[in-house]
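First the structure, in the form of structure tokens, and then the observations on it.
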Amino acid sequence: DLRIVNCECALTAATSPVWKSGAVFKGEPAHVAGLKAVPFEVACLANNHVLDYGVAGLRETLRVMDRNRIRTVGAGLTEAQALVPLSVRVNGQSVHVINISEGEDLTASTGGPGVFGWDVPLAAAQTRALKQLGGVVIVVAHCGLEYVPFPPPYVVAAFRALAEAGADCVIGHHPHVPQGIEWWHGRPILYSLGHFAFYQPTALFHRKTGYCVSLRCEGGRITAIELHPYRITDAGLRRLEPKEAQDFGRTLTRLSHPFSTADGPARAWNAWLAYYGEAGFRAEGNGVLDKMAADPRKGAAMFRNRITTMQHREHWQTFLTRMVNGERGGFSRADYRLVEEYFSRTLS
């Protein structure tokens with residue numbers, strides 16, 4: 001009855017990308033036909049690529065969506081537009097969507113064009129106000145570290161706070177790989193859905209597998225969720241076969257296990273930090289410095305993003321703190337093996 005997607009690029013004819021830390025993405029305005037074919041009625045724009053072609057690209061994206069009757073949320077040409085939730089009526093029920101992101105590359109709106117940045121208290125306040133109005137509140141968040149199987153503790157704390165504020169469901173993406181699920185105060189939290197139609201030329205298994213989620217809403221609350229796992233192939237998306245789906249279910253159980261104990265999320269994150277290690281930090285840091293030498297503006301953007309965006313700042317800070325304190329353990333071998341698998345298992 002209502003289909004929601006994260007549109008992680010500008011739909012624009014602009015040809016001048018901005019200077020930023022990572023890759024830049026765009027689609028042509030005509031590519032909106034892909035969204036209409038499903039059809040998606042709502043496009044979330046709070047992500048780290050919708051401003052890859054600057055304000056002009058965002059402005060054209062908003063126009064393209066509006067012309068094609070696709071509602072947007074999470075970004076705007078003013079701060080008020082970026083921060084306002086989307087409320088729609090679906091089969092007599094009110095559905096409210098709040099869309100936030102970490103505002104990578106300083107894209108969070110601070111008065112002008114931008115995205116709804118990492119203001120969890122504001123999102124929680126909006127959630128409480130919308131719940132008082134009645135209906136279902138869904139928070140969609142673009143955050144966390146890419147490609148790792150577990151969310152960092154600050155994401156877990158934020159998602160749980162939003163659920164405690166009354167969000168009927170909290171859904172995450174940006175890691176580009178599936179992460180676990182938990183029910184917090186009776187409300188589902190899905191930490192990362194995966195890639196969807198976001199192709200990468202890699203054979204790594206977990207970057208080719210993800211899931212969509214259906215929410216059943218009745219009486220102003222979510223009564224059930226259903227997962228739809230898929231495989232990304234060179235020819236497009238396909239549903240997982242029954243045996244593949246069973247394997248995915250077992251992996252999802254492993255991903256979700258850390259949420260069953262109070263210290264589980266922190267221990268799972270420590271497993272990633274241990275895998276990353278000093279060699280990983282040196283490789284990442286030297287890569288940024290090498291880029292600064294070869295391409296100063298690009299290198300500066302990369303370094304700026306490492307110290308201004310939560311996912312990178314928290315990653316480096318917690319890793320370096322463990323290194324200073326001489327901490328080597330604090331994680332389970334099962335979580336460590338899952339991290340290893342995410343960076344080594346390939347499609348057969």
Side-chain angles (χ1 to χ4, degrees), residues 2-88 95 97-109 112-117 138 140-143 146 171-176 192-201 210 212 230 232 234-237 301 305 309:
L2 181 69
R3 287 158 289 255
I4 303 172
V5 69
N6 169 51
C7 182
E8 197 156 350
C9 66
L11 298 178
T12 177
T15 58
S16 298
V18 299
W19 286 96
K20 58 172 293 185
S21 61
V24 294
F25 301 122
K26 77 164 187 172
E28 297 297 328
H31 291 155
V32 73
L35 302 182
K36 292 178 62 179
V38 173
F40 288 110
E41 291 90 7
V42 175
C44 294
L45 301 182
N47 57 62
N48 58 311
H49 288 292
V50 74
L51 279 156
D52 280 4
Y53 282 77
V55 176
L58 173 61
R59 182 181 293 111
E60 188 171 6
T61 301
L62 293 170
R63 285 201 303 261
V64 168
M65 295 292 191
D66 184 60
R67 284 199 305 266
N68 287 276
R69 298 184 179 181
I70 299 174
R71 306 284 293 273
T72 61
V73 62
L77 299 177
T78 66
E79 186 174 20
Q81 290 176 356
L83 300 183
V84 67
L86 174 66
S87 297
V88 296
V95 177
V97 181
I98 299 172
N99 182 210
I100 68 173
S101 79
E102 291 189 276
E104 278 200 79
D105 290 289
L106 305 182
T107 54
S109 176
V115 302
F116 191 148
I138 302 168
V140 181
H142 198 78
C143 58
E146 293 174 310
I171 299 175
H173 44 68
H174 180 63
H176 295 290
S192 176
L193 303 185
H195 265 317
F196 195 50
F198 197 102
Y199 180 81
Q200 285 188 340
C212 298
Y230 56 78
I232 303 172
D234 291 347
L237 299 172
N305 198 45
T309 303

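For reference, positions follow the sequence shown, starting with 1.
- With sequence neighbours excluded, the residues that form a salt bridge (charged side-chain N to carboxylate O under 4.0 Å, His left out) with R3 are E41.
- Residue A75 comes nearest to L62 through the heavy atom pair O-CD2, 4.3 Å, listed as atom of the first residue, atom of the second, then distance.
- A pairwise comparison of heavy atoms in V115 and S101 identifies CG2-OG, 3.4 Å as the closest pair.
- A distance-only check finds no donor-acceptor pair linking the side chain of D66 to the backbone of R69 [under 3.5 Å].
- Counting heavy atoms from C-beta on, the side chains of H173 and V140 come closer than 4.5 Å.
- Minimum interatomic distance between C44 and N99 (heavy atoms only, all atoms of both residues): CB-OD1, 3.2 Å.
- Atom SG of residue C143 and atom CG of residue N47 lie 12.0 Å apart, to the nearest 0.5 angstrom.
- Between the side chains of D105 and S21, at least one donor-acceptor pair of N or O atoms lies under 3.5 Å.
- How far CG of L106 is from CG of L51: 11.5 Å, rounded to the nearest 0.5 Å.
- Checked options V84, V73, L83; the residue passing with F116 is L83 (criterion: side-chain contact (heavy atoms from CB on, under 4.5 Å)).
- Looking only at distances, no side-chain donor or acceptor of N305 sits under 3.5 Å from a matching main-chain atom of A301.
- Counting only residues at least two apart or in different chains, side-chain hydrogen bond (donor to acceptor under 3.5 Å, both in side chains) contacts with residues 49-63 comprise T12-E60, K20-H49, K20-D52, H49-D52.
- In this structure, I138 and I98 have side chains that are not in contact, with every pair of non-hydrogen atoms separated by 4.5 Å or more.
- In plain terms, the two heavy atoms of L193 and Y230 that are nearest each other are O-OH, 4.1 Å.
- In this structure, I100 and H142 have side chains that are not in contact, with every pair of non-hydrogen atoms separated by 4.5 Å or more.
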>> If you apply the rule side chain to side chain contact (heavy atoms under 4.5 Å, CB included), what do you find for Y199 with D234, and how did you get there?
In response: CA-CA 8 Å; Y199 180 81; D234 291 347; 2.8 Å; yes
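- Put simply, the side chain of I4 does not reach to within 4.5 Å of the side chain of F40, judged on heavy atoms.
- Of the N and O atoms on the side chains of Q200 and H176, not one donor lies less than 3.5 Å from an acceptor on the other residue.
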> Step by step, would you call L2 with V42 a side chain to side chain contact (heavy atoms under 4.5 Å, CB included)?
Replying inline: CA-CA 8 Å; L2 181 69; V42 175; 3.9 Å; yes
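- In this structure, the separation between CG on N6 and CZ on F198 is 9.0 Å, given to the nearest 0.5 Å.
- Using modelled atom types and a 3.5 Å distance limit, the side chains of E102 and N48 yield no donor-acceptor pair.
- Here the shortest heavy-atom pairing between A10 and G57 reads CB-O, 4.0 Å.
- Take E28 and apply the salt bridge (charged side-chain N to carboxylate O under 4.0 Å, His left out) test, not counting sequence neighbours, and it matches K26.
- Taking all atoms of both residues into account, the shortest heavy-atom contact from C9 to G27 is SG-N, 3.8 Å.
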>> Determine whether L35 and M65 satisfy the following criterion, side chain to side chain contact (heavy atoms under 4.5 Å, CB included), listing intermediate values before the conclusion.
In response: CA-CA 9 Å; L35 302 182; M65 295 292 191; 3.6 Å; yes
